[in-house]
Every structure is written in structure tokens, then in C-alpha cells.
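Heads up: the structure comes next, in C-alpha cells.
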Amino acid sequence: MALLLAAACSTVSIGSTASAQIVTPAPVIEGTRLNIVAIGESRQVPDIAVINAGVVTEAPSATAALSDNSRRMQAVFRALDAAGIEERDIQTASINLNARYDYSDRSEPRLLGYTASNQLTVRFREIARAGAIIDTLVAQGVNQINGPSLQIDELDAAMDEARRDAIAKARQRAELYAAAAGMQVVRIVAISEAGAARSPVALAGRAMAMDTAESAPLQIAAGEQRLTANISVMFELQ
């Protein structure tokens, strides 16, 4: 029995008042419809590491806190430049200045001083060098680090590999079902992508140390990321 799919409709406006409706006929399946959901994957080694590095300073006055922070940040920028980090890979994430109070006396808070914070987002395109550069930044005054976030530079190409794998798996499974039913795969009627995902990366290595003089060099393990593409494919069997 033939199955008729719902027609897809689109409306094209002509002028300000008139409109025309174009109706595209739906494909008619002469044989048996088979729906396959397949997950394709691509395993990639991350080639970019992103960290948040900051300098936090404290001083009795706001001016002194900002001045000390600026002096240390200049050393950090010089270190990044000396390490070959390009300007496009360095971005200011936030600058904050906050007053610090002592609330132990409930009658009236006492001003203790000010805290200045300057945070940078730094992208490393050579993960193998990232650990040594982070150690250098700490030596130059960085005292707050978050990350790294390991990423894939050519993400679209990696996802396309996962999509091709999903199509291959869907077709292979369709061939299996067709053979088991004594039929053949005639064609693909429709393909839809349900979504794509990237598995989280478990980072291996030691915690970042602030005293680099007495510690081993920091190491960042890139590991491997698993990218997946989830697709639904409709086949016609006869």
C-alpha cells in the first residue's frame, strides 16, 4: 500500500497585497518505509586550550589597588608577547574594583581597603606549550587561573566527519533490515539531523601551583574528545 507524506508548503509574497502559494508535492513511497536513527561519531584531539588568567591586588586605597594591578598586568602582557601569543588570542574578560569591609563591629562596618581584579581570556594554539607559559604568567604576577577549556579549532570539519559516519551507519543498518526482510533498499526518502554533541573532557594533570620555583613544570593533557551527530533517515524498501 502506498504511503503519502504531508506536502510541504511555502508562501511567496507578490507586491503589497497579492500572494501566491507554491505547493511542492511530497514523495510517494511505492514500497515499505523504514525509519533509522543513527549516531555518528568523530574522535578528535583538541588543539586549542583556553584559560582565564587574572591578577588580583589589594591596597588601602582604590588608586593604589588599581595602580599595582596595572603594573602587574603590564608584565603579564609582556610575557604573553614574548611567548608568541597573538593579540587576537588575548581578550580582557573583566575589570573589577571592590571595597573591603570589616563587619565584626555590628554598629558600623570598617573600611579595610580595596581589591582590584583584571581578568584575561587567553587562547593557546599550541597546547604542549600552554603549561610552561602559564608558569611564566604566574611568575609575572598572575594569581588567579581558571581552566583550561580544551577545544577543537576546525570544529565544523570534525562534525562533518561525524555526520558522514552517521549516514554510513544508517545505510548499513537499513541494508541489514532489508536483507532480513527479503527486500532491497531502493533510496533515501528523507534525512533530518536531531542534534550534535561534544563529550566533556576529563583533564589529567596536577593542580596549578602558585610557587613555580619549587614545583615541577605544569602539564596539560589534551586527551581526546568524542563528537557525535544524531540523524534520522527514512528509506524506501522494495
Side-chain angles (χ1 to χ4, degrees), residues 35-55 73 76-95 118-138 140 142 144-175 185 187-208 216-235:
N35 291 320
I36 296 289
V37 175
I39 299 176
E41 70 174 26
S42 173
R43 293 185 177 272
Q44 304 286 330
V45 176
D47 49 9
I48 291 179
V50 180
I51 68 164
N52 185 269
V55 172
M73 285 302 299
V76 171
F77 277 111
R78 287 194 296 269
L80 289 171
D81 182 63
I85 305 300
E86 300 181 29
E87 289 185 4
R88 62 172 178 155
D89 292 327
I90 306 171
Q91 185 177 52
T92 298
S94 66
I95 298 177
N118 193 328
Q119 302 290 327
L120 295 177
T121 298
V122 183
R123 182 184 295 108
F124 300 102
R125 298 183 183 274
E126 298 179 56
I127 294 181
R129 297 181 57 226
I133 297 175
I134 290 173
D135 283 340
T136 301
L137 296 181
V138 172
Q140 295 300 319
V142 167
Q144 190 174 78
I145 295 178
N146 294 297
S149 169
L150 300 180
Q151 303 173 5
I152 298 169
D153 192 17
E154 299 295 334
L155 184 59
D156 288 342
M159 285 307 308
D160 286 345
E161 181 178 318
R163 294 180 178 105
R164 286 191 291 268
D165 183 52
I167 289 292
K169 288 179 176 177
R171 182 175 289 277
Q172 183 181 23
R173 201 170 303 164
E175 296 284 356
V185 175
R187 58 170 177 156
I188 292 178
V189 178
I191 301 174
S192 63
E193 184 176 278
R198 179 177 62 183
S199 62
V201 180
L203 300 181
R206 65 176 187 82
M208 295 179 180
L218 179 66
Q219 294 183 351
I220 295 178
E224 186 180 73
Q225 287 188 357
R226 177 176 177 263
L227 309 174
T228 60
N230 191 331
I231 66 167
S232 177
V233 185
M234 181 188 298
F235 295 89

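Between the side chain of D165 and the main chain of E41, a donor-acceptor pair closer than 3.5 Å is present. Put simply, the side chain of R123 never gets that close to the backbone of Q91: no donor and acceptor are under 3.5 Å apart. Within the 3.5 Å criterion, the main-chain N or O of N146 finds no donor-acceptor partner in the side chain of N52. Here the side chain of R129 pairs a donor or acceptor atom with the backbone of A83 at under 3.5 angstrom.
When side chains are defined from C-beta on, I188 counts as touching R171, because their heavy atoms get closer than 4.5 Å. Proximity of M73 to L120: side-chain heavy atoms (C-beta onward) are separated by under 4.5 Å at one or more points. Using a 4.5 Å cut-off on side-chain heavy atoms (C-beta onward), D81 and I90 make no contact.
The two residues G54 and Q119 come nearest to each other via the heavy atoms CA-OE1, 3.4 Å. Minimum interatomic distance between A222 and V45 (heavy atoms only, all atoms of both residues): CB-CG1, 4.1 Å. The two residues A166 and A38 make their nearest non-hydrogen contact at O-CB, 3.5 Å. Between T121 and A93, the shortest heavy-atom distance links the atoms OG1-CB, 3.6 Å. P46 approaches E224 most closely through the heavy-atom pair CD-CA, 4.2 Å. Scanning all heavy atoms of the two residues, the minimum distance from M159 to T228 falls at CE-O, 3.4 Å.
One distance of note links CZ of F77 with CD of Q140; it measures 13.0 Å at 0.5 Å rounding. Considering CG of L137 and CG of L80, their distance stands at 5.0 Å, rounded to 0.5 Å. Atom CD in E154 sits 8.0 Å away from atom CG in D156 (nearest 0.5 Å). Atom CD1 of residue I191 and atom CD1 of residue I167 lie 4.0 Å apart, to the nearest 0.5 angstrom. Q219 CD to D135 CG: the interatomic distance, rounded to the nearest 0.5 Å, is 10.0 Å. Distance CD/Q151 to CG/D47: 9.5 Å, rounded to 0.5 Å.
Applying side chain to side chain contact (heavy atoms under 4.5 Å, CB included) to Q44 and the options D153, L155, L227 leaves one that passes, L227.
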(request) Starting from the C-alpha separation in whole Å, work towards a yes-or-no answer on side-chain contact (heavy atoms from CB on, under 4.5 Å) for I48 and V50. (result) CA-CA 7 Å; I48 291 179; V50 180; 3.9 Å; yes
(message) Apply side-chain contact (heavy atoms from CB on, under 4.5 Å) to residues F124 and D89 and explain how you reach the verdict.
(response) CA-CA 7 Å; F124 300 102; D89 292 327; over 6 Å; no
(request) Before giving the answer on side-chain contact (heavy atoms from CB on, under 4.5 Å), spell out for L150 and I220 the whole-Å C-alpha distance, their side-chain angles and the decisive distance to 0.1 Å. (result) CA-CA 10 Å; L150 300 180; I220 295 178; 4.3 Å; yes
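Taking a 6.0 Å sphere around CD of Q172, one finds it holds 12 or fewer heavy atoms contributed by other residues, nucleotides or ligands.
A salt bridge does not link R164 to D160: none of the charged nitrogens lies less than 4.0 Å from a carboxylate oxygen.
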